[in-house]
Number of protein chains: 2
Amino acid sequence: MAEVATRETALKEAEAVCTRRGAVLTPLRRQVLELVLRAEAPVGAYALLDQLKAMRPGAAPPTVYRALDFLLEQGLIHKVERLNAYIGCNESGHGHSHDHHHPHQFLICRTCGATMEIADPAVTHAIEAAARRVGFVLAEATVEIEGTCARCAEA
Amino acid sequence: MAEVATRETALKEAEAVCTRRGAVLTPLRRQVLELVLRAEAPVGAYALLDQLKAMRPGAAPPTVYRALDFLLEQGLIHKVERLNAYIGCNESGHGHSHDHHHPHQFLICRTCGATMEIADPAVTHAIEAAARRVGFVLAEATVEIEGTCARCAEA
DNA sequence: GACCGGGTCGGAACATTATATCATCAGGTC
DNA sequence: GACCTGATGATATAATGTTCCGACCCGGTC
């Protein structure tokens, strides 16, 4: 499967990114990251916890949330606010080498749940301009677009 | 205070909007709407519940959530996903007469908590274009911009 | 070696946000 | 009156997220 290869690559790169920054991708954090990457759609913290318990019987909510916080901090995953769920950061294409927080947008399919990350410069620019116009100093923008993905729309 | 007048107007208009649609702005719903409008910043459901209890001793979570669902449905309030909080819909300026769901964006100040609703056509258009480009059928977009508002930035 | 300090993790309890379910009541319709 | 519908009352429970304390490891430093 191609996805497996992609995931392996992503994990290796995550490792590299952390090392470069003096952060440590511990086995626990790596496991959680792998679970997030393995999922087809954004995953909830407690779904991750359930899976994690198979490997680590003692796992509790803080176990997962600490790992997620770390991964969010490092920009390796994102949180989808509308779903209270987490998704692997997809850098493909755009030139951010895992910036801690890079501008991005999500397309969330209501039918199949698949969530796609894009980084549209026009959207980013329009948001920056809108903020500037009212003297607002932008720190981070959440853009979550809900609807029907191409595949589900034609079916 | 000007805000009181504004609020009165908003409540009257809400009443009118509901009637026009055959929906009923019951006393409970009206009270919840008023509490939301009265708040300076987005309010959580349980904060509303606490206030509501003063007027309705029997109020429970479903009491508030049902009212909020109705108000969301009617487009009289919005939910701020990043804060799990609710805010009155501000139509001022743009021409939507309480559409059920009109495109809008939030500017959330991390310092003072104030949250401003805007409706920037460029942002809306860029999002529509981005979705169309990948064959995504847009239903609704959440745009929540966090940062520092003009007032807090200069202070 | 002994000691300290930071970072990580285990584990219990708790806080916050939201929903499910069933009962009740008022108003309209047949 | 019997029946339906929409709104609310009331209890319980689910889902999501945090606080707190203590243990442990590891890299310095004396």
Side-chain angles (χ1 to χ4, degrees), chain A residues 14-15 18-19 21-36 39 41-74 76-87 113 142 144, chain B residues 14-15 18-19 21-36 39 41-74 76-87 113 142 144:
Chain A
E15 198 96 53
C18 288
T19 314
R21 288 183 191 143
V24 190
L25 189 66
T26 62
L28 171 61
R29 290 163 177 173
R30 196 191 149 95
Q31 275 176 359
V32 172
L33 176 55
E34 187 166 1
L35 289 175
V36 173
V43 234
Y46 280 72
L48 291 170
L49 177 55
D50 285 344
Q51 295 180 255
L52 197 60
K53 274 178 179 162
M55 299 178 282
R56 292 172 179 260
T63 313
V64 168
Y65 280 104
R66 280 190 294 236
L68 289 173
D69 284 347
F70 173 86
L71 297 169
L72 287 168
E73 192 75 23
Q74 299 299 323
L76 298 170
I77 64 173
H78 299 297
K79 176 169 185 182
V80 185
E81 298 287 344
R82 288 190 77 114
L83 305 177
N84 293 319
Y86 305 84
I87 188 173
T142 299
E144 297 178 358
Chain B
E15 198 97 51
C18 287
T19 313
R21 288 184 191 141
V24 190
L25 189 66
T26 61
L28 170 61
R29 291 163 176 173
R30 195 190 150 96
Q31 275 176 358
V32 172
L33 176 56
E34 186 165 3
L35 289 174
V36 172
V43 234
Y46 281 73
L48 291 170
L49 178 55
D50 286 344
Q51 295 180 255
L52 198 60
K53 275 178 179 162
M55 298 177 282
R56 290 171 180 259
T63 313
V64 168
Y65 280 104
R66 282 191 290 234
L68 289 173
D69 285 346
F70 173 85
L71 297 169
L72 286 167
E73 192 74 22
Q74 299 300 323
L76 297 171
I77 64 173
H78 299 296
K79 176 170 185 182
V80 185
E81 298 288 343
R82 288 190 76 114
L83 306 177
N84 293 318
Y86 304 83
I87 187 173
T142 300
E144 297 178 357

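First the proteins, then the strands, lettered A, B, ... as listed; each starts at 1. All values derive from a computational prediction rather than experimental measurement.
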TODO: Mind jotting down which residue pairs meet the salt bridge (charged side-chain N to carboxylate O under 4.0 Å, His left out) criterion with at least one end in residues 42-56 of chain A? Sequence neighbours excluded, please.
DONE: none
Atom pair distance, as rounded to whole Å: [atom1] in [X] and [atom2] in [N]:
| X | N | atom1 | atom2 | answer |
| --- | --- | --- | --- | --- |
| B/Leu68 | C/dT16 | CG | C1' | 15 Å |
| A/Arg82 | D/dT16 | CZ | P | 16 Å |
| B/Leu28 | D/dA10 | CG | C1' | 14 Å |
| B/Arg30 | D/dT8 | CZ | C1' | 19 Å |
| A/Leu48 | D/dG17 | CG | P | 11 Å |

Note, [X] side chain near [Y] side chain (heavy atom, < 4.5 Å):
| X | Y | answer |
| --- | --- | --- |
| B/Ile87 | B/Lys79 | no |
| A/Leu68 | A/Leu48 | yes |
| B/Leu25 | B/Phe70 | yes |
| A/Gln74 | A/Leu33 | no |

Open item on the list: I'd like to know if the side chain of B/Glu144 reaches the main chain of B/Glu81, judged simply by a donor and an acceptor atom lying under 3.5 Å from each other, with no hydrogens or angles considered.
Closed with: yes
Open item on the list: I'd like to know if the side chain of B/Gln31 and the backbone of B/Leu52 have a donor-acceptor N/O pair within less than 3.5 Å.
Closed with: no
- [ ] For A/Leu71 and A/Val32, run side chain to side chain contact (heavy atoms under 4.5 Å, CB included): C-alpha distance rounded to whole Å, both residues' side-chain angles, the deciding distance at 0.1 Å, then the answer.
- [x] CA-CA 9 Å; A/Leu71 297 169; A/Val32 172; 3.9 Å; yes
Task: D/dT8 phosphate, OP1 or OP2, under 4.0 Å from B/Thr26 side-chain N/O - done: yes
Open item on the list: Does D/dT8 have its OP1 or OP2 closer than 4.0 Å to a side-chain nitrogen or oxygen of B/Arg56?
Closed with: no
Open item on the list: Quick check on DNA chain D: between B/Gly58 and B/Arg29, whose nearest nucleotide comes earlier from the 5' end?
Closed with: B/Arg29
Open item on the list: On a heavy-atom basis, which atom in A/Leu83 and which in A/Pro42 lie closest, and how many Å separate them?
Closed with: CD1-CG, 3.9 Å
- [ ] Indicate for each nucleotide in nucleotides 17-29 of chain C, in 5' to 3' sequence, whether protein heavy atoms under 4.0 Å reach the base (B), only the sugar-phosphate (S), or nothing (-).
- [x] BBBB---------
TODO: Return the angle between end axes of the helix from C/dG1-D/dC30 to C/dC30-D/dG1, with five pairs used per end and rounding to 10°.
DONE: 0°
